[in-house]
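Working notes, structure below.
Each ligand, and each atom within it, is numbered from 1 in the order the structure gives. All values derive from a computational prediction rather than experimental measurement. We count residues from 1, following the sequence as given.
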Amino acid sequence: MQTPHYALIIRNADIVDGTGAPPFRGDLGINHQHIACIAPSHSLHGDHILNATGLVVAPGFIDVHTHDDREVIDTPAMLPKLTQGVTTVITGNCGISLAPWLATCQPPAPLSLIGTQKDYRYATVRAYIAAVEAAQPAVNVGLLIGHSTLRVNAVADLQRGATPDEISAMQILLAEGLQAGALGLSSGLFYAPAKAADNSEIIALAKIAAASGGIYTSHIRDEYNGVLDALAEACDAAKAAQLPVVLSHHKCAGPANWGRTTETLAYIKERRQHQAVGLDAYPYTAGSTVLDPDYVDGVIRIMISFSEPHPEMQGRDLADIATEWQVDQKEAALRLHPAGAVYFQMREDDVERVLSDTHTMIGSDGLPHDSHPHPRLWGAFPRVLGHYSRDKQLFSLSEAVRRMTSLSADQFGLKHRGRIALDHYADLVIFNPGTISDQATFAHPKQAASGIHWVIVNGQIALQDGVSTGQRSGKVLQRSS
Ligand code: ZN
Ligand code: CU
């Protein structure tokens, strides 16, 4: 009998399979993009052997909350994600997607976070997917279609709810995207282009997503004082449309609401008795989005992540800029506009409470086009594994990995991903559990994590010792695939 031969072997690793089960030691054999064998240590033979003694092999991480729509095309090496062990990104969150785009205007904020008019150039989701495939990104890409993007295309006046004709037009655009393979609908009712929409508008669209087995992700209307009502609104829409909802970057923002995640998590738990409710979070007490004077309260710390008229102010605190200019913070924000900012709007106990919920998936919410980005862009996943799991012992390593892999794959309908199992795709990360840590900080945000040895995407080694191999083997993950 001939011993089987594998193209790639991971030898003597501690296998954390993504299900939450404890690690076990063994070898993995990889052939043709897939995990072909899981066997006892030192039992497999092959052409290329990665010695993983003392290291963990886990399913590649799935970043369920990204704004990488343009990044996967313009910068397909995808180093901010690959260096964290991320092998799949879900784009199109918070109501913002690059496609479809038929409008002739400049994309308004926050659509501007991911591109200008020249970047919004895909009339259909099919055309966008073709562009992603042509760019050959290093990571897999699953996409959502943004409600705000649909509105800019179809609604004549963004200050009011959509008319029945406009809803029909949005439904047609959304249906094309779902047909092309999008995973679902996202919304950001907090933001100006979507604020005027009521839940009937969302439900009309979510029903289209439901009809093709998609999901609904929601950056809720209010993460501050009105957080409970806003959570209810998102859950109500999903219930009416009969599809699963994911509550994006769950938080209680603003000092008046610190500590309230006890209430919100209890509320979400109660809703889960009657419908499918998921949530994601990033492991930091600061959020980041466009800089808007309306979000400036004069209380919390705000740091500038980019400013078109004042690029020299990136990385500096709004309060210091205001003092220097001898104006109040709202006025300073106006002068910096168009700009982005990091808002220190959460409290540590809330972040830890949300991260500790067994239903919380990890999503970076990184903003790849900011010149001084929030460190979550480069650090979210290693920070959960190193800081929160290993150092603070908030949860076990196996549980941390589960919330980055199988939970996420199941939630977004990604088949044969998110687990180390026979015939699953060989999306894998090999890291040192003792040293893995985020290096990106608020002061120096563009730093690759340490402790990541290899990252494998669809059976190809994309990252070795923290350095890109140049292999770009990501795929667009369509709902049916
Ligand atoms: Zn958001
Ligand atoms: Cu987001």
> Should the pair R301 and F344 be classed as cation-pi, given the thresholds of under 6.0 Å to the six-membered ring centre and 45° from the axis?
Replying inline: yes

> Cation over ring, R403 on F395, under 6.0 Å and within 45°?
Replying inline: yes

> Salt bridge or not for E166 and R160, using N-O below 4.0 Å?
Replying inline: yes

>> Angle at the Cu ion (ligand 2), SG of C94 to NE2 of H67, rounded to 10 degrees, please.
In response: 110°

>> Does any part of the side chain of E263, heavy atoms only, come nearer than 4.5 Å to the side chain of L228, both counted from C-beta?
In response: yes

> Can you find a pair of side-chain heavy atoms, one from H219 and one from N93, that are under 4.5 Å apart?
Replying inline: no

> If the Cu ion (ligand 2) is the vertex, what is the angle to NE2 of H65 and OD1 of D365, rounded to 10 degrees?
Replying inline: 90°

>> On the six-membered ring of Y282, is R376 placed so that its NZ or CZ lies under 6.0 angstrom from the centre and within 45° of the ring axis?
In response: yes

> Do other residues, nucleotides or ligands put more than 12 heavy atoms under 6.0 Å from the NZ atom of K269?
Replying inline: no

> Which atoms of the protein, restricted to N, O or S, are nearer than 2.8 Å to the Zn ion (ligand 1)?
Replying inline: C94 SG, H219 ND1, H249 NE2

